[in-house]
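Working notes, beginning with the structure itself.
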Amino acid sequence: MNKIERIGVYTSGGDAPGMNAAIRAVVRTALYNGIKVTGIYRGYEGMIEGDFKEMVSRSVSSILQKGGTILKSARCAEFRTPEGRQKAYDQVKAAGIDALVAIGGDGTFTGAELFSKEFDIPVMCIPGTIDNDLYGSDYTLGFDTANNTVIDAIDKIKDTAASHNRLFFVEVMGRDSGCIALNAGVAGGAEALMLPEKDTAIEELIDSLEEARERNKTSMIVIVAEGDKNGGAYNVAKRVKEKFDFYDTKVSILGHLQRGGSPSSFDRVLATRMGYFAVNELIRGNRSATVGIRGSQIVSTSLEEALRGKELKLDEELLKIAQVMNI
Ligand code: ATP
């Protein structure tokens with residue numbers, strides 16, 4: 001096994017708060033261990049184009065508290081082709097990069113695994129996505145911060161909902177994952193949840209709102225994950241209003257503000273631990289894995305298992321708790 005001399009670090013796919021903290025941890029842990037670091041800009045697009053920059057300790061000053069990613073992110077169709085990956089490898093080789101740390105979601109990991117196998121280059125992946133939908137980690141970077149943003153918005157919406165006897169439909173991010181919606185439902189005290197993993201019919205939702213009205217609820221919040229099968233908060237609100245019009249009905253789409261903002265303390269510590277762990281795993285000889293937190297431990301899971309392992313399941317107990325809290 002050859003000693004690693006230079007690590008390339010990049011962010012790819014959707015950005016998430018905490019990515020910068022992870023970049024900082026990768027750069028400083030590598031430098032501490034005598035390993036040089038190249039920052040690869042714009043994910044796989046920048047890798048193909050050789051958009052690289054030498055990273056020193058001061059390159060990552062004052063980024064710990066910033067949302068987004070200083071290395072920028074991109075989605076790159078060319079990297080999906082063997083020719084694109086060959087171009088990327090030529091750039092990586094010419095820059096003397098002999099190991100990679102990828103920060104992103106499952107698409108980013110899939111690309112990293114292919115690249116690592118094709119060119120025999122070690123890669124560690126750090127889960128950075130607000131959706132919390134990656135196997136191998138209880139939490140992904142950005143999930144906690146996004147939840148705090150959502151809760152802040154719901155608290156404010158609740159004030160106006162209560163003052164006017166309103167029924168609010170709040171749409172949160174989550175195309176395939178109801179994690180943010182479920183968490184917001186419990187932490188924000190929502191009356192009902194519409195999640196991509198559950199095929200809740202509009203009639204079922206109306207029944208639960210009717211029951212809540214009978215229990216003298218004067219205002220209500222329904223959280224709709226963007227991937228809910230009924231087609232988002234506007235559609236759900238429209239169809240509910242046709243049959244249930246006791247309240248003034250409003251819709252609020254939280255949108256991309258959920259992606260931004262200064263990372264929470266939890267995300268900063270998690271990102272720092274993951275970045276530190278990723279570099280140390282490379283030094284220990286791990287050649288293809290994702291970093292995660294299980295309980296309070298930072299662990300690695302092979303990319304093979306992370307990408308093709310068990311399906312992620314919604315936390316049914318938390319869903320039950322959300323329902324019980326709504327009596
Ligand atoms: P998120 O979905 O959380 O926003 P992600 O990392 O899953 O993040 P994607 O757009 O799915 O985002 O993937 C990021 C990039 O990874 C793609 O633009 C592409 O360059 C690369 N990639 C994804 N899937 C593959 C694949 N099957 N083969 C090669 N490269 C891939």
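Just so you know, ligand 1 is whichever comes first in the structure, and atom 1 is the first atom listed for that ligand.
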| said: Checking contacts here: is it the side chain or the backbone of T110 that comes within 4.0 Å of ligand 1, counting heavy atoms only? Could be both or neither. | reply: side chain
| query | Against heavy atoms of G105, which atoms of ligand 1 measure under 4.0 Å? | reply | 5 (P), 6 (O), 7 (O), 8 (O)
| query | When you measure from atom 18 (O) of ligand 1 to every protein heavy atom, which one gives the shortest distance, and what is it? | reply | C76 N, 2.7 Å
| Of the backbone atoms (N, CA, C, O) and the side-chain heavy atoms from C-beta on, which set of Y44 has a member under 4.0 Å from an atom of ligand 1: side chain, backbone, both, or neither? | side chain
| query | Can you name the nearest heavy-atom pair linking F115 to R85, along with the distance? | reply | CE1-O, 3.4 Å
| field | Under-4.0 Å salt bridge between E211 and K217 | value | no
| note | The protein heavy atom nearest to atom 22 (N) of ligand 1 is G107 O, 3.3 Å
| Between R284 and E281, is there a salt bridge with N-O shorter than 4.0 Å? | yes
| query | Nearest non-hydrogen atom to atom 24 (N) of ligand 1 belongs to which of R80, M47, R75? | reply | R80
| request: With heavy atoms only and a cut-off of under 4.0 Å, state how T129 meets ligand 1: side chain, backbone, both or neither. | output: side chain
| query | ligand 1 versus L114, non-hydrogen atoms closer than 4.0 Å: side chain, backbone, both, neither? | reply | side chain
| query | Hey, which atoms in ligand 1 end up nearer than 4.0 Å to a heavy atom of G14? | reply | 1 (P), 4 (O), 8 (O)
| request: Kindly state whether the ring of F143 and the ring of F266 have centres lying under 6.0 angstrom apart. | output: no
| Can you tell me if T145 and D267 form a side-chain donor-acceptor pair at under 3.5 Å? | yes
| Any Lys/Arg nitrogen of D98 or K3 sitting under 4.0 Å from an Asp/Glu carboxylate oxygen of the other? | no
